[in-house]
Amino acid sequence: MSRNQKPRLRFAPSPTGHLHIGGARTALFNWLLARKEGGTFILRLEDTDRERSRPEFEDEIIRDLRWLGLDWDEGPQKGGPHAPYRQSERGATYQRAVEDLLERAQAYRCTCSMGRLDAIRKEAMAQGRNPHYDGHCRDLHLGPDCGPHVVRFKMPQDGTTVVQDMVKGPIFFENQEMDDFVIRRTDGGYTYNFVVVLDDHHMGITAVLRGDDHLSNTPKQVQLYEALGALPPRFGHMPLILGPDGKRLSKRHGATSVGAYRDMGYLPQALLNYLARLGWAHGDQEIFTVDQLVEFFSLAAIGKAAGRWSSEKLDWVNQYWMQNLPITEISRRAAPFLKEMDLNPDPAMAEAALDTVRSRSHDLRDMVSRARFFFLSDNRLEMDPRAMRKFLKPAAIQRVEELAAELSILESWNQESLEDVIHGWLHQRDLKLKSIAQPIRICVTGQRVGPGLFETLEVLGKDRSLARIRNGIRRAREQA
RNA sequence: GGCCCCAUGAUCUAGUGGUCAGGAUGCCGGCCUUUCAAGCCGGCAGCACGGGUUCAAAUCCCGUUGGGGUCACCA
């Protein structure tokens with residue numbers, strides 16, 4: 001790669017499952033680097049596993065990346081100078097390369113049976129040796145007519161391969177530790193370690209940021225570049241995300257896919273913010289806008305140790321963004337959850353209502369359910385019977401009724417005037433706000449917890465507030 | 001098991017030879033208060049261990065221990 005041109009980064013998920021949060025972080029870091037350096041971010045689908053790849057996963061990954069706001073300059077649904085960006089469509093390229101390697105004796109055909117391979121592996125393990133292919137067919141010079149066979153890459157048997165890792169520094173691998181890996185399967189399909197090299201090379205990828213789990217593949221890939229006469233990209237291996245118990249993150253730890261977090265009501269900027277901070281730091285800063293991430297991102301600040309997923313910290317970050325994003329955006333993102341709960345409020349009303357509860361909500365779903373009472377019809381409001389018994393006793397009902405009469409003649413129904421009138425009314429009777437706050441709240445929200453009383457009344461409006469108070473009183477009397 | 005990576009409070013981390021080891025989440029306590037949150041203030045809690053190097057080590061080196069990754073005709 002020519003080192004002085006704009007970087008080309010890629011994210012290359014395989015559509016064999018949901019977009020995982022680890023994958024999302026990989027995508028994020030590559031995207032950040034590309035955006036920061038004014039480079040190109042490419043999306044490529046590694047669907048060489050014919051058995052497990054599914055178009056619906058592909059759609060889902062694309063949808064989730066879009067939701068996160070990680071846009072690509074080249075890739076599926078977008079095109080680009082190196083199309084196609086789906087490995088299943090790049091077979092011709094791979095075939096040429098295999099033939100070339102075969103011709104130059106950098107690869108060879110192998111007819112070893114799976115059974116033999118398993119046996120070798122088992123025995124090596126038992127003897128405490130590296131369980132590798134023994135090179136049985138390496139020098140047999142088998143031709144194309146040798147029957148069912150795979151093609152293996154001829155790995156150098158001595159020497160050292162050095163990976164100059166951008167996050168970990170130089171890492172040395174003894175070539176004898178690596179075996180002649182399969183590059184083309186019996187069924188003619190190509191393997192990951194092979195196609196990833198070809199594609200990165202053909203697509204002019206200059207740097208590869210990926211998970212630590214790829215580290216041990218890297219020397220094999222470097223040797224492949226060498227055999228192809230190509231210059232490898234720079235590699236950077238990021239520590240993995242572990243579960244809260246330090247074990248590999250799995251479904252047993254709860255939600256692990258981006259889609260699951262979206263469905264639970266998390267905000268994309270919160271997920272991005274949290275993901276970025278897991279394994280990367282910029283001094284003491286915890287909260288970052290996406291623009292700030294782009295501005296401050298640097299490879300040098302990526303940590304080396306694996307991190308543990310903390311849903312508590314994510315919740316905190318999410319809550320921060322719940323409170324601090326423009327209410328119009330919060331409201332827009334809440335729309336699917338409103339629909340899901342069968343609520344169809346007027347948009348302006350919804351925005352005002354959501355604004356009253358967002359500071360006490362840890363996610364969108366929670367926020368919508370907290371604001372739900374605003375959207376129900378006044379006579380269908382569900383009222384908590386226990387709260388009614390506790391706060392709507394005869395004396396309280398009496399006070400609420402009197403106060404309601406006072407409020408009914410109020411002209412400008414807003415927080416300030418409500419506060420004035422109510423405080424004045426309380427003052428005259430030498431009462432505390434405490435004495436009527438919960439009774440009124442129960443009447444207008446049906447619940448014992450809710451947003452501030454004055455803002456609740458304002459958002460609900462005069463008619464609806466008074467109607468709810470009347471209903472509440474009536475129902476409390478019926479219950480008594 | 002071989003190879004590779006890693007190691008600051010429960011968790012995420014700042015730190016790059018001289019700091020009272022800083023911040024954040026969580027937890028505990030207080031303030032505020034119309035409920036619940038939010039917010040504000042305070043507290044508990046850490047350099048895995050053992051050797052070196054150095055006038056001086058969380059910082060450098062070696063070892064131990066621990067954790068993780070990987071050894072597929074998966075990616």
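Naming convention: chains lettered A, B, ... in sequence-line order (proteins, then strands); numbering from 1 in each chain. Just so you know, these numbers come straight off a predicted model, no measurement behind them.
- Between U35(B), C73(B), U25(B), one nucleotide has an atom nearer to the side chain of Arg360(A) than all others, and that is U35(B).
- Contact annotation: Arg248(A) reaches the phosphate of G69(B) (side-chain N/O to OP1 or OP2, under 4.0 Å).
- If you take atom C1' in U59(B) and the same atom in U13(B), they sit 16 Å apart, rounded to whole Å.
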Inset, instruction - In sequence, state the C-alpha distance, the side-chain angles, and the governing distance for Ile171(A) and Val162(A), and then conclude on side chain to side chain contact (heavy atoms under 4.5 Å, CB included). - result: CA-CA 6 Å; Ile171(A) 303 169; Val162(A) 184; over 6 Å; no
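- Nearest nucleotide to the side chain of Glu177(A), out of G2(B), A38(B), C73(B): G2(B).
- Aromatic ring centroids of Trp280(A) and Phe288(A) lie under 6.0 Å apart.
- For the salt bridge (Lys or Arg N to Asp or Glu O under 4.0 Å) criterion with Asp180(A), the lone passing option out of Arg109(A), Lys154(A), Arg138(A), Arg152(A) is Arg138(A).
- Listed nucleotides U34(B), G68(B), C73(B) differ in distance to Leu240(A); the shortest reach to its side chain belongs to G68(B).
- Look at Arg121(A) and you'll find a side-chain N or O under 4.0 angstrom from OP1 or OP2 of A72(B).
- Taking every side-chain heavy atom of Thr48(A) into account, A75(B) is the closest of G68(B), U70(B), A75(B).
- Note on Gln127(A): nothing from the nucleic acid sits closer than 4.0 angstrom, heavy atoms only.
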Give me, pair by pair, the N or O atoms of the protein and of nucleotides 4-13 of chain B that are less than 3.5 Å apart, along with how far apart they are.
| unit_1 | atom_1 | unit_2 | atom_2 | d |
| --- | --- | --- | --- | --- |
| C5(B) | O2' | Lys168(A) | NZ | 2.8 |
| C12(B) | OP1 | Arg308(A) | N | 3.2 |
| C12(B) | O2' | Arg277(A) | O | 2.9 |
| U13(B) | OP1 | Gly279(A) | N | 2.6 |

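- One can find a donor-acceptor pair under 3.5 Å joining the base of A75(B) and the side-chain atoms of Asn217(A).
- In this structure, C27(B) forms a base pair with G43(B), meeting either the Watson-Crick or the G-U wobble geometry with both donor-acceptor distances under 3.5 Å.
- For Thr186(A) against C73(B), a side-chain-to-base donor-acceptor contact under 3.5 Å is present.
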Inset, instruction - Quick one: do Leu275(A) and Trp309(A) satisfy side chain to side chain contact (heavy atoms under 4.5 Å, CB included)? Show the steps, please. - result: CA-CA 9 Å; Leu275(A) 246 15; Trp309(A) 183 261; 3.6 Å; yes
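- Picking from A75(B), U25(B), C73(B) the nucleotide with the shortest atom distance to the side chain of Glu312(A) gives U25(B).
- In this pair, His282(A) does not lay its aromatic ring on the base of A14(B); centres under 5.5 Å and planes under 30 degrees do not both hold.
- Spacing of C1' atoms, C47(B) relative to U8(B), comes out at 4 Å, to the nearest Å.
- Look at Lys247(A) and you won't find any side-chain N or O under 4.0 angstrom from OP1 or OP2 of G67(B).
- Between Phe297(A) and Phe29(A), the distance separating the two ring centers is shorter than 6.0 angstrom.
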